[in-house]
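Structure first, then comments.
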Amino acid sequence: MSRRPPTAAARSLASALFLISSLAVGLAAFVVLAVLARSGDPGELAAASAVMGVSFVLAVVPGAIQLRSAARAAAGEPAGLPLVATRAGTAGLLLAAVPLALLLGVPTGALVLLALQFAAACVASAQRGLAIGRADHRHATESMAVEAAVRVVAGVGLGLVFGAAGLAASLLLGSTAAALAGRRWSGPLAPVPTREVIAPALCVGLLMVLVNLDAFAAPRLLGGAAADAYALAELPARGLFFALFAVSWLSVPLAIRATTRRQLAVPVAGVLAVGAAAGLSLLLVRPLMPIALGAPAPPAALMASLLGAMTVAAALATALAMAAARGAARPWLPTLVAAAVLAAVILGRAGADTPQGLADAVLLCTTGALTATAALLGRTVSRLAAAPAVPPLLAGR
């Protein structure tokens, strides 16, 4: 008896569950940070936040692998894993663990664990990409759900005992569990050229650097107590960013079909509007934060600046994905410039040596990057009258 194809409602439900599970992976870490905010020693929350920032940057390559694996699977090609990039990246991270730990003021063991987590995440992402490309949302959702659950359970337990190193261990365990679960249905992964993941990784990678520079710098720039206060104020803002970030990939099909600047502007404006509404709601419940986190509520101005910066960053993620999909020339360049400017401000302590000054610097730099990227996106309308059959972001080059 042949199996009936899924109905439209079933496909929509599967897509919704996949979206929820993908958000859960990113938000699971914030649950752990919230627990550490209540129970950690002075400076521990800032160290854990810096570790989380490193993990977000490292997630760029696995994310690019997932995207490329999905494209190959959808085209009927064998999905695979860029072994050279995975092995070289893991080795490089292990070698850089000691100097990077000294630079960021975090435990060396935490960065060693993150290097190992990078390898596991590359494998799990290639498996998920295979499932997504085959429209197998059930297995893709299962992989995400396993990782999110392990992150929360192990993160709370290990985080309370070992702090930032425990948080890193929970990330490793989560990615490893997802990779092991995926072996049941993915089969062996064929090696693929590294060049296939360079283009998508560059756009997202520079964005992640931009939005995490302040977390990297806060422990040394602000000092233990002020850095903890900054990390606490940033917690809801980062949750908002990763909730909105998922929209960036959903905007790619819209970008391919768009024929006017107005159509291109709708997803970006939508992210800004939703982010503004959510940010206002978070500000209204700010007085309740001491009940939830066991720490004083952050200043309203500081929290507002960080919420604004992360909303703009989420809109920038959407504009970047759309510009890359439409083949804009060097869409990553404004983000690179913004990250360089923010780094210069931080290193020069040019008004960024206070929590409010640092937050304002992030807001200004992300706004500049969004404005320039939106302009690049708009210029693709006259240059690309007809949308390409295959998004350049996904096509092999």
Side-chain angles (χ1 to χ4, degrees), residues 16 19-20 22-31 33-34 49 52-53 56 59 63 203-204 206-215 230-252 254-255 262-286 288-289 297-323 331 334-335 338-339 342 355-356 358-375 377-378:
L19 180 60
I20 293 170
S22 66
L23 292 176
V25 170
L27 295 177
F30 294 99
V31 174
L33 289 179
S49 182
M52 187 54 58
F56 289 147
C203 285
V204 183
L206 289 170
L207 173 66
M208 290 302 173
V209 170
L210 175 62
V211 300
N212 284 292
L213 274 175
D214 59 332
Y230 187 87
L232 185 66
E234 199 172 32
L235 190 60
R238 289 192 178 278
L240 177 61
F241 170 75
F242 282 99
L244 294 175
F245 179 76
V247 179
S248 63
W249 303 118
L250 299 178
S251 68
V252 171
L254 297 175
R262 181 186 180 89
Q263 291 172 333
L264 290 173
V266 168
V268 178
V271 171
L272 290 173
V274 172
L280 179 60
S281 299
L282 289 168
L283 282 173
L284 291 175
V285 301
R286 181 183 64 90
L288 301 179
M289 289 182 68
L302 174 61
M303 191 169 164
S305 292
L306 289 170
L307 287 167
M310 292 301 100
T311 295
V312 172
L316 173 59
T318 301
L320 275 170
M322 296 175 73
T335 306
L342 181 58
Q356 186 64 54
L358 182 58
D360 290 342
V362 177
L363 176 58
L364 288 173
C365 289
T366 51
T367 300
L370 173 60
T371 302
T373 304
L377 177 60

Pairwise distance CG(N212) to CE(M52) - rounded to 0.5 angstrom: 10.0 Å
How many angstroms lie between atom CG of L358 and atom CG of L302, to the nearest 0.5 angstrom? 9.0 Å
Closest non-hydrogen atom pair, L272 against A315: CD2-CB, 3.6 Å
What are the two closest non-hydrogen atoms of A300 and L283, and how far apart are they? O-CD2, 3.9 Å
Look up atom CD in Q356 and atom OH in Y230, then write down how far apart they are to the nearest 0.5 Å. 9.0 Å
May I ask you to test the L210-L316 pair for a side-chain heavy-atom distance under 4.5 Å? yes
Which atom pair, heavy atoms only, marks the closest approach of P334 to A372? CB-CB, 3.6 Å
Using 0.5 Å steps for rounding, measure from the SG atom of C203 to the CE atom of M208. 12.0 Å
Could you report the tightest heavy-atom contact between A215 and E234, atom names first, then the distance? CB-OE1, 4.2 Å
Is any side-chain heavy atom of D214 closer than 4.5 Å to one of L342? no
Is any side-chain heavy atom of L306 closer than 4.5 Å to one of R238? no
Closest heavy-atom pair, L307 versus L240, reported as atoms and distance to 0.1 Å, is CD2-CD2, 4.0 Å
Specify the closest pair of heavy atoms between L213 and A339, including all atoms of both residues, with the distance to one decimal. CD1-O, 3.5 Å
Interatomic distance, L370 atom CG to T311 atom OG1 [nearest 0.5 angstrom]: 11.0 Å
